[in-house]
Amino acid sequence: MFVLAPEMTNAPAGALSAGQALAAQDPKTAKRAVAARSNGRLLDLSAPAAPEAELQPVLPGEPAALEVLRHSTAHIMAEAVRALFPGVKVAIGPAIQDGFYYDFAYERPFTPEDLPAIEAKMAQIIKGNQPFQADSWDRQRAREFFAGRGEQFKVELIDDLSEERVGIYRQGDFVDLCRGPHLPSTGRVGAFKLLSVAGAYWRGDEKRPMLSRIYGTAFFDKKELARHLALIEEAKKRDHRKLGRELELFSFHEEIGAGLVVWHPRGMILRTIIEDLERREHLRRGYDMVSGPQLLKRELWERSGHFDNYRENMYFTQVDEVAYGIKPMNCLAHMLIYKSKVRSYRDLPLRYFELGLVHRHEKSGVVHGLTRVRAFTQDDAHILCRPDQVEEEILGVMDFVTDVMALFGFDYTLELSTRPEKSIGSDQDWERATEALSKALQASGREYEINEGDGAFYGPKIDVKLTDALKRSWQCATIQCDFTLPERFDLHYVDADGGHKRPVMLHRVILGSIERFIGVLIEHYGGAFPLWLAPEQVRVLTVTNRADDWARRVQQALKEAGIRAEADLRNEKLGAKVREAQLMKVPYMAILGDREVEERRLTARLLSGQNLPAQGIKDFIAHLKQEATEPLMRLRRQEASKPGV
RNA sequence: GCCGGCGUAGCUCAGGGGUAGAGCAGCUGAUUCGUAAUCAGCAGGUCCUCGGUUCAAAUCCGAGCGCCGGCUCCA
């Protein structure tokens with residue numbers, strides 16, 4: 001049994017702890033506090049309060065409090081696991097976005113069947129309301145302590161720390177290396193649930209041991225937990241893999257292969273709508289449409305650096321003794337188009353756009369629905385420009401992104417990724433490219449984060465992460481700055497002074513992968529697409545077969561007006577037809593019974609269940625046309641009709 | 001690729017060493033019925049694939065393929 005150290009960091013006798021200091025300010029609030037904040041740093045309530053420092057309570061409701069709670073719950077889980085599974089070694093257990101996890105090494109991996117017992121033990125620990133006691137040891141002592149327990153992961157963590165003294169937390173007989181802070185006691189955990197188990201490499205490195213990870217989440221009260229679990233349920237309902245099958249959009253087949261999408265009629269029309277919009281918008285913004293082949297000689301991939309840096313993601317084949325590679329990116333053909341004639345500085349920028357199908361060999365464990373596939377279509381473009389045009393071009397792309405994200409109702413965040421370990425090009429080029437991107441980011445006035453070492457192998461990039469209706473984030477658009485490929489392919493233009501200069505290349509996508517984007521869209525809208533995207537916009541429903549003739553005429557009139565309309569003339573009750581149209585999330589039903597036949601009208605029903613007053617075909621079409629105008633088009637029309645334009 | 005779970009009818013799922021079941025969907029018939037399921041009958045399966053154990057395998061074992069949750073990677 002572990003005995004408490006004499007050098008506790010708890011407030012020494014006579015001095016005020018942070019909790020006591022807060023209580024002196026406002027006893028009621030101090031009771032609710034889970035930690036304290038002093039000069040922006042989080043402290044345990046038991047920590048000594050520096051008398052001159054400003055002290056604020058960290059209260060339930062703010063993100064930092066949830067983080068403390070979840071981190072503490074991770075410790076409680078570790079205590080429970082140690083108690084239930086003797087010999088288990090603990091690794092790390094942080095709070096994460098929606099909960100927490102803890103990694104363990106045990107003689108066997110944990111399974112979902114283990115979770116109820118761990119939960120029960122945790123509930124017991126929480127009921128025991130043990131205090132979290134903070135301490136600070138010198139590293140040697142901590143190292144010996146954990147080494148003595150056989151906790152080799154903790155020893156490794158201590159060895160990597162530079163501080164002379166390390167934080168130690170204890171609750172019950174569980175002692176952990178930890179920065180803190182923690183809840184005052186285990187009883188403050190209001191509600192928690194263990195969610196899943198998974199394998200995870202020690203420190204995320206596939207060459208190191210595979211540990212057994214348990215995920216869970218925690219909240220201050222049961223209602224919040226229930227709300228969170230309901231959100232997980234909602235996400236399951238919106239899962240694009242499920243909706244894709246139910247709405248007959250696409251399918252996957254074991255016979256075809258993992259990560260290879262088959263588009264059905266309803267999914268293909270959705271793609272076509274989006275792709276048409278893309279073509280139109282790219283042409284409007286000064287891009288040219290181009291297209292390259294699927295198969296290019298391996299030699300070319302060697303020249304571009306893809307063979308050295310991207311080979312494990314590529315498929316290769318041989319044709320008449322010559323080695324070929326299937327394209328994982330579209331840039332090579334675009335560069336050869338550029339090279340096909342002498343370019344003047346006046347020609348630049350050149351913007352080559354291709355809806356290009358690329359194949360990438362993803363590891364078998366990572367393919368996932370439409371969001372991670374092995375063949376996908378990029379709305380790809382390569383902008384070749386003069387160095388002095390780079391910033392403006394990047395801003396142009398960002399403007400494009402802003403418009404398109406608004407069109408679908410997505411919010412987004414920006415990230416700048418810098419040079420990775422595996423990369424080509426000179427330090428100077430990387431510096432110039434990174435500089436160009438960050439200048440454009442600053443000029444855009446939007447905030448952004450920096451991801452060190454996360455760039456493409458040929459250049460740094462700006463990633464756009466959109467946020468969907470369920471507040472999840474997805475990477476779609478990316479802008480990459482490349483000084484290297486123009487070099488390798490010896491691209492140049494004739495400058496004003498007659499000299500040959502090197503153009504800069506920007507790789508960029510707006511939606512990224514059409515497949516992934518549609519997957520995201522399906523979940524964003526929960527399958528209920530806005531009228532302009534809906535594969536089937538109207539379903540004509542008859543009450544009895546006396547309305548069949550009128551129904552056929554209505555459907556035909558709608559089709560002639562360019563509306564995607566189907567008719568359900570089956571000998572079924574209206575309720576059954578409504579139900580099916582509802583399940584397929586068809587935005588409008590046109591209901592025809594004896595009354596409508598008599599008056600040559602129709603009654604429109606919305607997905608919400610609301611009925612519009614009976615109306616004639618012309619009025620209905622006008623109504624649909626108005627609503628179905630794709631929003632960007634509507635915007636353009638408004639702009640065009642402004643006086644003085 | 002790695003760790004764990006899983007693969008039974010088109011879909012959702014039950015069964016679990018003695019030769020396969022339900023609901024929905026499909027087909028046929030009856031019903032003409034106004035806003036989320038009309039009734040009845042019929043048909044539908046190499047129980048993912050290959051190999052092994054066994055008198056006997058959908059069931060147990062091994063390998064492969066695929067799916068799911070993660071790690072890693074990324075559009």
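Hydrogens, waters and symmetry mates play no part in the numbers below; they use all other heavy atoms, side chains included. Lettering of chains follows the sequences in order, A, B, ..., and the numbering in each one begins at 1. All values derive from a computational prediction rather than experimental measurement.
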To check you understand the geometry: which heavy-atom pair defines the closest contact between [X] and [Y], and what is its length?
{"X": "A:Ser423", "Y": "A:Trp430", "result": "CB-CZ2, 3.7 Å"}
{"X": "A:Leu243", "Y": "A:Gly527", "result": "CD1-N, 3.8 Å"}
{"X": "A:Glu119", "Y": "A:Phe192", "result": "O-CZ, 3.5 Å"}

For the side chain of [X], counting heavy atoms from C-beta on, which of [options] is nearest?
{"X": "A:Arg595", "options": "B:U32, B:G34, B:G66", "value": "B:G34"}
{"X": "A:Thr544", "options": "B:U32, B:U38, B:C68", "value": "B:U32"}
{"X": "A:Leu574", "options": "B:U35, B:A75, B:C33", "value": "B:U35"}
{"X": "A:Thr603", "options": "B:A75, B:U35, B:G70", "value": "B:U35"}
{"X": "A:Met210", "options": "B:C2, B:C74, B:G66", "value": "B:C2"}
{"X": "A:Thr111", "options": "B:G4, B:C71, B:U35", "value": "B:G4"}
{"X": "A:Val367", "options": "B:C65, B:C67, B:C71", "value": "B:C67"}
{"X": "A:Arg570", "options": "B:G34, B:G1, B:G26", "value": "B:G26"}
{"X": "A:Arg546", "options": "B:C67, B:C33, B:A75", "value": "B:C33"}

Can you tell me, in whole Å, how much space there is between the [atom1] of [N] and that of [M]?
{"N": "B:G44", "M": "B:A14", "atom1": "P", "result": "24 Å"}
{"N": "B:C48", "M": "B:A57", "atom1": "C1'", "result": "15 Å"}
{"N": "B:A43", "M": "B:A20", "atom1": "P", "result": "16 Å"}
{"N": "B:C65", "M": "B:A56", "atom1": "P", "result": "29 Å"}
{"N": "B:U38", "M": "B:G64", "atom1": "P", "result": "49 Å"}
{"N": "B:G26", "M": "B:G10", "atom1": "C1'", "result": "8 Å"}
{"N": "B:U53", "M": "B:G17", "atom1": "C1'", "result": "12 Å"}
{"N": "B:C71", "M": "B:C55", "atom1": "P", "result": "47 Å"}

Contact class for [X] (heavy atom, under 4.0 Å): base, sugar-phosphate, or nothing?
{"X": "A:Gly199", "answer": "base"}
{"X": "A:Val509", "answer": "nothing"}
{"X": "A:Glu572", "answer": "base"}
{"X": "A:Glu248", "answer": "nothing"}
{"X": "A:Ala200", "answer": "sugar-phosphate"}

Give none if [N] has no partner; otherwise give the nucleotide forming a Watson-Crick or G-U wobble pair with it, both distances under 3.5 Å.
{"N": "B:U19", "value": "none"}
{"N": "B:G10", "value": "B:C24"}
{"N": "B:C47", "value": "none"}
{"N": "B:G4", "value": "B:C68"}
{"N": "B:A37", "value": "none"}
{"N": "B:U32", "value": "none"}
{"N": "B:C60", "value": "B:G52"}

Original post:
From A:Gln378 CD over to A:Asn330 CG, what is the distance, rounded to the nearest 0.5 angstrom?
Top reply: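 Between atom CD of A:Gln378 and atom CG of A:Asn330 there are 5.5 Å.
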Spacing of [X] atom [atom1] relative to [N] atom [atom2], expressed in whole Å:
{"X": "A:Asp548", "N": "B:C33", "atom1": "CG", "atom2": "P", "result": "13 Å"}
{"X": "A:Lys577", "N": "B:C33", "atom1": "NZ", "atom2": "C1'", "result": "10 Å"}
{"X": "A:His264", "N": "B:C11", "atom1": "NE2", "atom2": "C1'", "result": "14 Å"}
{"X": "A:Tyr102", "N": "B:C71", "atom1": "OH", "atom2": "P", "result": "18 Å"}
{"X": "A:Lys363", "N": "B:C71", "atom1": "NZ", "atom2": "C1'", "result": "10 Å"}
{"X": "A:Asp454", "N": "B:U72", "atom1": "CG", "atom2": "C1'", "result": "12 Å"}
{"X": "A:Glu107", "N": "B:G4", "atom1": "CD", "atom2": "C1'", "result": "16 Å"}

Kindly say if [X] contacts the phosphate of [N], meaning a side-chain N or O under 4.0 Å from OP1 or OP2.
{"X": "A:Arg516", "N": "B:C74", "value": "no"}
{"X": "A:His368", "N": "B:G69", "value": "yes"}
{"X": "A:Arg241", "N": "B:C68", "value": "yes"}
{"X": "A:Lys461", "N": "B:A75", "value": "yes"}
{"X": "A:Tyr215", "N": "B:C71", "value": "yes"}
{"X": "A:Arg508", "N": "B:A75", "value": "no"}

Subject >> Residue met sooner reading RNA chain B from 5', once A:Arg245 and A:Arg579 are mapped to nucleotides >> reply: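 In this pair, the answer is A:Arg245.
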Subject >> First encountered from the 5' end of RNA chain B, between A:Asp205 and A:Glu362 >> reply: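 Looking at the nearest nucleotide for each, A:Asp205 comes out on the 5' side.
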Original post:
Step by step, would you call A:Asp463 with A:Lys465 a salt bridge (Lys or Arg N to Asp or Glu O under 4.0 Å)?
Top reply: CA-CA 6 Å; A:Asp463 285 326; A:Lys465 297 214 161 145; 5.9 Å; no
Original post:
Which is it for A:Glu536 and A:Lys585 under the salt bridge (Lys or Arg N to Asp or Glu O under 4.0 Å) test, yes or no, and what are the steps along the way?
Top reply: CA-CA 9 Å; A:Glu536 181 181 350; A:Lys585 303 187 194 287; over 6 Å; no
**OP:** Report yes or no: is the ring centroid of A:Phe376 under 5.5 Å from the six-membered base ring centroid of B:A75, with the two planes under 30 degrees?
**Re:**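 Stack criterion met.
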Original post:
Are A:His228 and A:Phe219 an aromatic pair by the rule of ring centers under 6.0 Å?
Top reply: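 Yes, the ring centres sit under 6.0 Å apart.
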**OP:** Please check if the distance between the ring centroids of A:Tyr102 and A:Phe100 is under 6.0 Å.
**Re:**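 No, too far apart.
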Subject >> Residues A:Arg595 and A:Thr603: side-chain donor-acceptor under 3.5 angstrom >> reply: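 No, because no side-chain N or O of A:Arg595 sits under 3.5 Å from a partner of the opposite role on A:Thr603.
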